[in-house]
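As the structure is a computational prediction, the values presented were derived from the model and not from experiment. Sequence lines set the chain letters: A, B, ... in the order given, protein chains first and strands last, and positions in each chain run from 1.
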Amino acid sequence: MTWNLDESQRLLRDSARTFMAERAPVAHLRALRDGSDAQGHSPALWQAFAEQGYSAVLVPEAHGGLGLGLVEAGVIAEQIGRNLTPTPWLPTAVLAAWLLQRAGSAAQQSAWLPRIAAAGTVLALAIDEAARHRPQTIATTATQTGDGWRLQGSKLFVVDGHVAEAFIVAARTEGGTALLLVPADAAGVRVERTAMVDSHNAARVQFDGVTLAADALIGSVADGAALLEATLDVGRAVVAAELLGLADEVFARTVQYLKERKQFDRLIGEFQALQHRAAELHCDLELTRAIVGAALDAAAVDPAAARLIVSQAKARAALTANRAVQEGVQMHGGIGMTDAVDFGLFMKRARVLQEWLGDSAYHIDRAATIAGY
Amino acid sequence: MTWNLDESQRLLRDSARTFMAERAPVAHLRALRDGSDAQGHSPALWQAFAEQGYSAVLVPEAHGGLGLGLVEAGVIAEQIGRNLTPTPWLPTAVLAAWLLQRAGSAAQQSAWLPRIAAAGTVLALAIDEAARHRPQTIATTATQTGDGWRLQGSKLFVVDGHVAEAFIVAARTEGGTALLLVPADAAGVRVERTAMVDSHNAARVQFDGVTLAADALIGSVADGAALLEATLDVGRAVVAAELLGLADEVFARTVQYLKERKQFDRLIGEFQALQHRAAELHCDLELTRAIVGAALDAAAVDPAAARLIVSQAKARAALTANRAVQEGVQMHGGIGMTDAVDFGLFMKRARVLQEWLGDSAYHIDRAATIAGY
Amino acid sequence: MSEIDSFRAETRAWLEANCPPEMRQPVKSEADTCWGGKRFQFQSEAQRLWLQRMGERGWTVPTWPKEYGGGGLDAAQAAVLREEMAALKCRIPLASFGIWMLGPALLKYGNEAQKREHLPRIARGEIRWCQGYSEPNAGSDLASLATKAEITDSGFIVTGQKVWTSYADEADWIFCLTRTSTAAKHTGISFLLIDMSTPGVSTRPIKLISGKSPFCETFFDSVPVPRENLVGTLNDGWTVAKYLLQHEREMISAIGDRDLPKPVGASAVERLGRDASGRLDEPVLRAEIARFEVDEAAFRAWMKMAATQARRGEANPATASALKYYGAELNKRRWELMMAIGGADALEWEGERSRDGAAARTWLRTKANSIEGGTSEVQLNVVAKRILNLPGA
Amino acid sequence: MSEIDSFRAETRAWLEANCPPEMRQPVKSEADTCWGGKRFQFQSEAQRLWLQRMGERGWTVPTWPKEYGGGGLDAAQAAVLREEMAALKCRIPLASFGIWMLGPALLKYGNEAQKREHLPRIARGEIRWCQGYSEPNAGSDLASLATKAEITDSGFIVTGQKVWTSYADEADWIFCLTRTSTAAKHTGISFLLIDMSTPGVSTRPIKLISGKSPFCETFFDSVPVPRENLVGTLNDGWTVAKYLLQHEREMISAIGDRDLPKPVGASAVERLGRDASGRLDEPVLRAEIARFEVDEAAFRAWMKMAATQARRGEANPATASALKYYGAELNKRRWELMMAIGGADALEWEGERSRDGAAARTWLRTKANSIEGGTSEVQLNVVAKRILNLPGA
């Protein structure tokens with residue numbers, strides 16, 4: 001869990017905290033944004049992730065990775081959240097890495113896992129097709145041809161899609177769901193970068209009759225749906241950790257401001273109405289920390305058995321982060337509305353993380369369905 | 001509207017305010033409760049309602065009534081709400097009176113409306129069959145026989161059912177919905193009084209093969225469903241006014257307490273956290289007042305066209321009253337939890353009024369459905 | 001024909017004859033608004049003409065006295081003018097802080113010379129004004145302002161900084177609260193009118209999180225201001241400011257009523273579709289929207305009720321604070337829901353498809369609703385004190 | 001076999017031999033709780049025997065020293081005992097404010113004579129204690145208490161009134177905060193032990209909105225109290241009280257963890273059924289329940305986290321206040337939902353069908369959760385001050 005760490009996990013957390021704060025603080029995002037960076041992330045930083053081992057966290061040791069688990073991924077995500085670090089880490093080193101180590105063929109694993117561990121590639125998951133997350137209803141089709149696949153459809157909100165070397169595409173096919181590895185330079189693939197509110201990176205990707213070899217399939221068609229859901233749940237737990245880190249940071253800055261800012265000849269932190277709101281938010285943060293930790297623990301053991309708690313954690317983290325950024329802006333007053341301070345950036349990023357892999361409404365609904373009502 | 005009153009409506013409000021406060025304040029309810037009164041309401045008070053004209057409000061002048069409208073009914077309900085007055089007024093003089101004057105045959109109108117106006121009877125609407133309000137799905141059946149009806153089924157939450165002279169029963173029948181007038185002493189009718197949390201009165205009623213003459217039907221079977229819905233919406237708007245009155249009274253008492261009670265050497269009304277909560281509740285009360293008034297206005301013109309705003313008003317009034325009683329008890333601290341003060345009685349009554357004719361969840365859902373989503 | 005009826009007939013005839021057809025089209029974007037002032041670029045000849053004609057008649061400010069450039073109409077006539085303009089769909093000829101804010105203050109607290117000097121030019125849209133109240137270290141506690149106006153023989157020397165001055169970079173003059181005495185917080189403030197072309201005045205736009213810059217910082221570096229530009233009594237500017245703040249809140253709380261945006265529920269169905277039972281195909285989101293729409297309907301009813309009560313003189317003036325509070329929070333909720341409905345589409349920030357991130361930028365803009373014109377916290381304080389009469393608020 | 005393993009084996013063997021089968025059945029109602037005391041009516045011989053056997057072994061208070069009637073176990077052994085009792089489903093032999101509250105205070109602040117006098121009788125369930133803290137005009141501001149303890153040669157004369165004394169009408173002794181000096185609010189309070197059979201002590205049950213009377217008013221009319229019944233230093237009773245309050249909050253905040261009630265969602269489906277899509281056939285209620293269950297799951301996770309952190313000594317002591325606050329509000333939400341699910345059935349107040357209005361009475365009872373043991377407002381103040389370190393709370 002992000003709170004119940006053993007010694008080596010604490011070391012990882014401390015290293016990630018120092019690393020992100022020094023190498024990729026909010027100013028790093030600002031610089032990329034204000035410079036209208038073509039990639040939207042820093043390849044040098046991504047390389048440094050490899051040096052730190054962050055890109056290798058979920059890659060088995062046999063493939064040059066660290067062979068660690070989701071708790072460690074959560075620890076890193078939390079620090080990314082605190083610093084709004086733009087990095088292809090989550091799609092590549094969490095989603096793709098987890099899926100490949102779980103279900104990839106020996107050839108796929110050898111081809112990709114060492115490169116993921118070394119931050120030598122960027123992979124992106126292409127799932128969503130409409131504005132809202134609905135992974136159960138996929139319109140993109142994969143047709144089995146004589147010696148491979150033909151892929152037709154379009155995807156959006158493909159996080160880091162514009163810099164990906166390849167996509168992992170979920171498609172409907174006879175007998176189930178196909179998860180296909182598609183090189184970005186394959187014929188028929190068209191990538192359009194979408195500038196996002198949070199100055200992070202995503203793309204719309206069209207697959208227009210893309211032909212693929214038979215070995216593009218990850219796992220089996222029969223297991224495809226379950227595999228996709230497990231991968232998404234792994235991602236959701238880690239995104240929840242990123243939201244937690246973001247909310248923690250915003251709250252810490254807000255509490256600090258309450259202790260410094262004077263209005264009506266008093267520190268605004270003396271006003272009881274603000275105190276109570278801050279105290280309630282503290283409670284929200286603590287229970288979010290707790291359930292995000294529990295979700296990471298559970299998903300680390302078996303994502304299929306952790307569906308309920310993962311949805312609860314993602315929903316709760318989204319709600320808490322939303323409240324934290326809103327209170328952060330409100331308690332800062334006008335200055336919170338300016339681009340000069342960081343609160344707007346936190347608010348924007350929180351909104352994207354809320355949406356990503358399903359927002360609170362989606363996950364509250366899913367939790368009810370899983371719980372049987 | 002309960003706020004946009006003309007001169008005669010203001011006079012009615014002032015009269016009702018004085019009358020309820022003097023003749024039927026909360027102490028009146030306590031006396032009935034503590035004496036375990038067999039009827040659960042005071043027939044003398046009901047008679048006095050007639051003297052004041054309250055029972056005659058919706059009865060046309062031709063039948064000895066005042067021929068007034070729903071706004072006037074709302075004005076009276078508000079004062080009933082303030083005083084938790086136990087009275088069969090709403091089922092008899094609002095629900096039954098409105099339905100009969102709208103759709104009753106000449107014979108039914110002559111038989112019942114003058115007696116309603118004179119508070120010479122009690123009528124009760126028997127709709128609900130399960131714990132939650134679901135008037136769309138009625139299991140009770142009415143079978144047309146050679147010369148009349150045969151009624152089979154059971155009803156619950158029949159407000160004032162244990163003292164009713166007759167029931168208006170909603171039943172499923174071939175071709176639509178039958179609204180049948182059923183004397184309480186008809187063979188096959190079994191009435192069980194249910195003691196309610198708010199010390200008001202209700203019953204479970206069984207109709208076991210009750211045979212009725214053909215003229216028991218109010219209106220037509222084809223119009224039955226629409227007529228039932230309109231009657232319910234009239235009732236909902238008036239219940240919303242009762243909730244508003246209750247919430248207003250609780251809030252007024254709570255604000256008063258904030259100005260009197262000292263803690264930590266200060267009046268508790270000085271604490272900003274409580275001030276802000278009280279100010280928010282003030283807003284809730286004002287917007288509830290406004291929408292309840294608008295709903296009464298609209299339902300007075302045409303209940304069928306007022307379905308959306310009636311559901312919005314009933315939902316909003318339930319939410320506001322709920323918040324008002326909860327804050328009332330909380331801000332009073334321990335003393336609010338004792339039976340010696342009235343807050344518990346307000347809380348209990350608010351809960352029953354919330355449920356009656358559909359709670360906030362029911363009406364929020366209905367509003368969405370009516371609005372087309 | 002009664003007097004008011006013939007006024008109505010004349011008004012309609014004049015409007016039909018004088019309001020250019022282009023000025024009867026609905027406003028499409030902020031750019032269609034006419035703000036006037038020395039540097040204003042008219043969007044069209046029709047816009048210029050419409051302002052000129054209405055200004056000449058004094059109908060940009062129908063109820064101001066004629067001698068100050070107004071129309072000299074009484075309340076009933078002004079209502080008729082509003083109704084007839086609405087009937088013909090005439091655009092408002094001039095949007096102006098001079099009309100909305102400074103004018104009322106001058107009419108109440110200005111001397112004769114100030115009225116004759118400034119009001120007609122406001123009415124004709126010749127001078128664009130902005131408001132200099134807030135300061136970096138004041139915020140909600142407006143009266144703690146520090147911009148210094150040193151008293152000299154001929155007037156004042158102003159030094160300091162204002163913030164959140166709307167469109168200061170496009171304004172000609174600014175009305176300002178300044179500190180003329182440090183002896184007491186509220187009674188050491190003076191209300192000054194400052195020509196922004198005076199040397200020493202400079203402005204810098206503030207970039208907001210929405211990416212837009214409707215506000216500025218405005219700096220005063222030893223700016224000389226003549227004595228005749230003091231409005232009201234020296235050191236008693238707070239009285240003028242309070243009067244204007246109340247005015248501003250009423251204005252802001254009325255904004256919500258102007259045009260009803262498309263219902264959230266309808267937008268949601270349009271975008272997300274229905275399930276087999278005919279309901280919005282997102283059960284929890286549907287419940288959140290439906291709950292919001294109940295509150296929104298109730299708020300609309302409240303605004304109507306408050307307007308009626310105000311007309312009758314039955315309203316507590318602090319009701320404007322209650323409405324301002326609730327309306328701001330409601331609009332923030334609306335746009336949180338709109339973002340949820342918009343999903344990934346609403347996260348886009350540039351490009352045609354998203355109209356340059358219109359949804360996201362509006363969503364971010366709404367976060368200021370509960371800060372500008374008095375924070376939600378300040379409004380709740382006002383309600384607690386002035387409506388509920390709670391002690392020592 | 002390690003020492004702790006052999007302790008476990010012995011413990012299990014002893015429990016199996018000594019815990020009567022009836023005492024291994026789940027508790028059915030409050031009436032099954034053994035409270036002890038002079039006037040307690042045992043529900044069964046098994047209940048009496050179980051208390052006697054556990055009392056003799058000191059296992060009603062496993063970690064208290066043996067010389068005071070305790071079991072003298074260390075933390076690890078006590079954990080084993082708890083685990084083995086849970087494994088055999090043994091009931092708690094004795095519920096007691098003496099154990100939960102007075103005991104810890106006496107162990108820390110009592111003198112040797114007091115410990116020897118009172119602790120063993122608490123351990124054996126011979127004396128039932130109640131707590132006299134709150135007063136009618138004190139409430140959350142506990143330290144403003146007025147019950148006077150006049151100092152005499154032999155001790156004190158106590159006059160005044162307490163309120164919210166749980167089960168005072170069934171208790172033998174009461175531990176009380178009394179005012180021994182009016183010079184200062186917090187430093188004029190003394191902690192006294194009072195035998196309730198002393199002339200001048202009387203109690204009156206308070207009828208609650210749930211219809212039950214677990215609390216009393218307790219009156220002291222010139223009640224003599226010997227000097228040796230003062231715990232701690234004269235005028236320094238607030239120190240003892242604060243220590244106990246902290247203890248109480250931890251206890252209350254831990255209550256939620258004891259047994260998990262049936263999930264609200266499952267109850268709802270059971271009662272209300274599913275629609276064609278398999279969802280609870282009430283879309284908005286379903287959304288409210290689902291949102292609640294997310295918060296409840298998170299709260300449960302938080303309680304576990306806090307327990308772990310407390311064991312490691314990493315917890316801020318004020319965390320108990322945060323948990324107490326949230327748990328109370330959550331439980332109130334739970335019962336609002338349960339009432340909605342129960343609908344008309346849940347509104348019944350008497351009769352077999354509703355088990356005498358069990359749902360409604362529980363619902364009303366939960367409203368006290370945010371008042372008793374420190375109001376939610378007080379807990380938020382504590383969190384703001386002690387965890388967030390906000391100024392001047």
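Heavy atoms of I335(B) lying under 4.5 Å from chain D belong exclusively to its backbone. In this structure, chain B has heavy atoms under 4.5 Å from both the backbone and the side chain of S370(D). For I206(D), the part lying near chain B is the side chain, with the backbone staying farther off; criterion is any non-hydrogen pair under 4.5 Å. Neither the backbone nor the side chain of S134(D) comes within contact range of chain B; no heavy atoms are under 4.5 Å apart. For chain D, the nearby parts of D265(B) are the backbone and the side chain; heavy atoms of each come within less than 4.5 Å. Contact annotation for A360(D): only side-chain heavy atoms (C-beta onward) come within less than 4.5 Å of a heavy atom of chain B. Looking at R277(B), only its side chain comes within 4.5 Å of chain D, counting heavy atoms on both sides. For chain D, the nearby part of D359(B) is the side chain; its heavy atoms alone come within less than 4.5 Å. In this structure, chain D has heavy atoms under 4.5 Å from both the backbone and the side chain of Q263(B). When heavy atoms are compared at a cutoff of 4.5 Å, L156(B) approaches chain D solely by way of its side chain, counted from C-beta outward.
Every residue two or more places apart in sequence or in another chain that forms a side chain to side chain donor-acceptor pair (under 3.5 Å) with E293(D) is listed here: Y373(A). R253(B) meets the salt bridge (Lys or Arg N to Asp or Glu O under 4.0 Å) test with E249(B), D342(B); sequence neighbours excluded.
The shortest non-hydrogen separation linking R132(B) to G343(D) is CG-CA, 4.3 Å. Shown here for A344(D) and F157(B), the closest heavy-atom pair between the two residues is CB-CD2, 3.6 Å. The two residues R351(B) and W363(D) have their closest heavy-atom pair at CB-CH2, 3.5 Å. Across all non-hydrogen atoms, the minimal contact from M337(B) to L364(D) is CE-O, 3.3 Å.
Put simply, CD1 on I371(D) and CE on M331(B) are 11.5 Å apart, with the number rounded to the nearest 0.5 Å. With rounding to the nearest 0.5 angstrom, the NZ atom of K207(D) is 11.0 Å from the OG1 atom of T338(B). Between the CG atom in L347(D) and the CH2 atom in W356(B) there is a gap of 12.0 Å [rounded to 0.5 Å]. We find the OG-CD distance between S360(B) and E336(D) to be 9.5 Å, quoted to the nearest 0.5 Å.
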Quiz item: After noting the C-alpha distance and the side-chain angles of E192(B) and R353(D), does the key distance pass the salt bridge (charged side-chain N to carboxylate O under 4.0 Å, His left out) rule?
Solution: CA-CA 12 Å; E192(B) 176 203 351; R353(D) 191 174 38 233; 3.2 Å; yes
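Of the listed residues (E350(D), R365(D), M339(D)), the greatest number of heavy-atom pairs within a distance under 4.5 Å of chain B belongs to M339(D). Of the residues considered (R261(B), Q354(B), K348(B), Q330(B)), Q330(B) shows the highest number of contacts with chain D, using heavy-atom pairs under 4.5 Å.
Donor-acceptor pairing under 3.5 Å is lacking for the side chains of E348(D) and T194(B).
The interface of residues 177-187 of chain D with chain B, defined by heavy-atom distances below 4.5 Å, comprises K185(D). Residues of residues 272-283 of chain D that come closer than 4.5 Å to chain B, counting heavy atoms only, are L272(D), D281(D), E282(D), P283(D), ordered by residue number.
Between the side chain of R271(D) and the main chain of A131(B), no donor-acceptor pair closer than 3.5 Å is present. In this structure, the side chain of D141(D) engages the main chain of F264(B) through a donor-acceptor pair within 3.5 Å.
More than 12 heavy-atom neighbours from other residues, nucleotides or ligands sit within 6.0 angstrom of CZ on R266(B).
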